[in-house]
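Accompanying notes for the structure given below.
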Amino acid sequence: MAKLPILRYPDPRLRRRAEPVTVFDDRLRQLIDDMFQTMYEAPGIGLAAPQVDVQLRLLVVDVSEQRDQPLVLINPQLLESSGQELNDEGCLSVPGFYEPVQRAAQIRFCAMDRNGEPFEQEAEGLLAVCIQHEMDHLEGKLFVDYLSEMKRQRIRKKLEKLRRRAG
Ligand code: QAP
Ligand code: CO
């Protein structure tokens with residue numbers, strides 16, 4: 001297993017639309033394992049492939065307290081969403097910033113597992129929020145896009161400054 005480098009906002013590579021996964025092989029499963037390790041060590045509750053510079057429709061999440069409920073979604077699709085919820089969100093690609101974002105409270109989605117088997121599932125609460133956030137990454141969309149221009153600018157400027165200092 002390997003910990004992968006995470007792209008940071010405003011890296012333009014985070015803005016590309018990811019491509020469907022078509023090959024389910026050991027290389028894909030290695031990537032999934034590496035993404036889980038990267039997420040757990042961060043620590044985070046969700047990570048999408050574009051964040052580690054892989055333009056595939058693949059994401060991993062684990063919102064459990066014990067960090068023992070890994071969920072991988074490949075080629076996920078939203079089937080239904082209902083309700084509204086305002087939650088503070090963060091992102092491993094936008095370190096140090098948390099802002100409220102409005103999302104559907106309940107979702108139903110389909111996806112494939114690491115062997116290419118399709119499944120359907122419902123989610124609510126933090127899991128629903130996290131899956132919507134990670135699915136946005138597959139479209140090149142970030143949670144900062146839901147904020148005001150002013151807040152987004154402020155976050156971008158601060159991260160650019162930190163980047164310059166880090167060299
Ligand atoms: C997405 O984000 C999410 O700023 C997953 O310094 C987050 O795991 C969806 C993290 C919250 C819904 C609610 C963020 C780690 C982790 C940071 C994450 C940081 C260190 C973010
Ligand atoms: Co994110």
Side-chain angles (χ1 to χ4, degrees), residues 1-19 31-76 78 81-109 111 121-148 151-166:
M1 294 232 279
K3 196 175 165 187
L4 307 168
I6 298 175
L7 300 180
R8 292 193 171 183
Y9 178 70
D11 194 308
R13 287 171 289 183
L14 290 168
R15 296 308 194 172
R16 295 184 293 199
R17 187 168 187 278
E19 298 293 328
L31 170 64
I32 294 168
D33 290 343
D34 289 348
M35 284 175 61
F36 272 117
Q37 188 187 359
T38 304
M39 178 188 78
Y40 284 129
E41 284 186 18
I45 59 172
L47 182 70
Q51 293 180 272
V52 292
D53 202 15
V54 174
Q55 303 307 312
L56 289 177
R57 305 187 75 78
L58 157 65
L59 62 92
V60 300
V61 298
D62 187 344
V63 300
S64 70
E65 213 57 54
Q66 271 76 41
R67 320 289 284 149
D68 59 358
Q69 284 169 49
L71 183 62
V72 52
L73 270 59
I74 301 174
N75 303 334
L78 210 56
S81 57
S82 60
Q84 285 196 340
E85 220 174 74
L86 194 65
N87 278 292
D88 269 3
E89 284 186 26
C91 180
L92 287 169
S93 296
V94 192
F97 296 90
Y98 289 84
E99 295 287 345
V101 175
Q102 189 140 344
R103 304 266 189 195
Q106 295 98 24
I107 59 167
R108 182 163 189 82
F109 63 90
Q121 195 177 318
E122 280 173 16
E124 58 177 16
L126 185 57
L127 180 60
V129 169
C130 194
I131 288 172
Q132 291 171 79
H133 173 115
E134 302 309 333
M135 282 179 69
D136 272 355
H137 277 297
L138 308 182
E139 305 302 325
K141 189 164 177 135
L142 303 172
F143 86 94
V144 296
D145 299 344
Y146 296 98
L147 309 179
S148 68
K151 272 190 181 173
R152 189 166 49 250
Q153 285 263 9
R154 203 186 63 211
I155 292 171
R156 186 165 57 77
K157 291 262 153 64
K158 282 187 184 168
L159 285 175
E160 279 172 345
K161 195 168 171 181
L162 282 174
R163 158 133 311 187
R164 279 198 302 275
R165 259 195 240 142

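Ligands are counted one by one from 1 in listed order, and the atoms in each one are counted from 1 as well. None of the values given here were measured: they were computed from a predicted structure. Numbering starts at 1 and runs along the sequence shown.
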For Gly46, atoms of ligand 1 separated by under 4.0 Å from a heavy atom:
5 (C), 8 (O)
Cation-pi between Lys151 and Tyr146: NZ/CZ under 6.0 Å from ring centre and within 45° of the ring axis?
no
Are Glu134 and ligand 1 in contact, using a heavy-atom cut-off of under 4.0 Å?
yes
With a 4.5 Å heavy-atom cut-off, do His133 and Leu142 have their side chains touching?
no
So if I count the atoms of ligand 1 from 1 in the order they appear, which ones are less than 4.0 Å from some heavy atom of Val94?
4 (O)
From Pro95, Gly90, Ala42 - option closest to atom 2 (O) of ligand 1 by heavy atom:
Gly90
Taking heavy atoms and a distance under 4.0 Å, where does Tyr98 meet ligand 1: side chain, backbone, both or neither?
side chain
Is the closest side-chain heavy-atom distance between Met35 and Val52 below 4.5 Å?
yes
Straight-line distance of Ser93 OG to Arg8 CZ, nearest 0.5 Å
8.5 Å
Residue portion contacting ligand 1 (non-hydrogen atoms closer than 4.0 Å) for Leu47
neither
Could you tell me which atoms of ligand 1, counted from 1 in the order shown, lie closer than 4.0 angstrom to a heavy atom of Glu89?
11 (C), 12 (C), 13 (C)
Are Ser64 and Ile45 packed together at the side-chain level, in the sense that at least one heavy-atom pair is separated by less than 4.5 angstrom?
no
Run the numbers on Arg103 and Glu85 for salt bridge (charged side-chain N to carboxylate O under 4.0 Å, His left out), then give the verdict.
CA-CA 5 Å; Arg103 304 266 189 195; Glu85 220 174 74; over 6 Å; no
Between Asp88 and ligand 1, which part of the residue brings a heavy atom under 4.0 Å of the ligand: side chain, backbone, both or neither?
backbone
Quick one: look at Pro43 and ligand 1, take heavy-atom pairs under 4.0 Å, and tell me if it's side chain, backbone, both or neither.
backbone
For Val129, take its heavy atoms, then give the atoms of ligand 1 lying under 4.0 Å from any of them.
12 (C)
Considering only the protein, which heavy-atom contact is closest to atom 4 (O) of ligand 1, and what is its distance?
Gly96 N, 2.7 Å
Does Ile45 come within less than 4.0 angstrom of ligand 1, counting non-hydrogen atoms of the residue?
yes
Indicate whether any N or O donor in one side chain lies under 3.5 Å from an N or O acceptor in the other, for Gln84 and Gln102.
yes
Metal-centred angle, SG of Cys91 through the Co ion (ligand 2) to NE2 of His133, rounded to 10 degrees
120°
Output, in order, the C-alpha distance, side-chain angles, deciding distance and verdict of salt bridge (charged side-chain N to carboxylate O under 4.0 Å, His left out) for Arg16 and Glu139.
CA-CA 7 Å; Arg16 295 184 293 199; Glu139 305 302 325; over 6 Å; no
For ligand 1, is any non-hydrogen atom under 4.0 Å from Leu92's backbone (N, CA, C, O), its side chain (CB onward), both, or neither?
both
Ligand 1 contact by Val61, heavy-atom criterion under 4.0 angstrom:
no
Carboxylate-amine/guanidinium proximity below 4.0 Å for Glu99 and Arg154:
yes
For the residue pair Ala18 and Pro50, what are the closest heavy atoms and their distance?
CB-CG, 4.1 Å
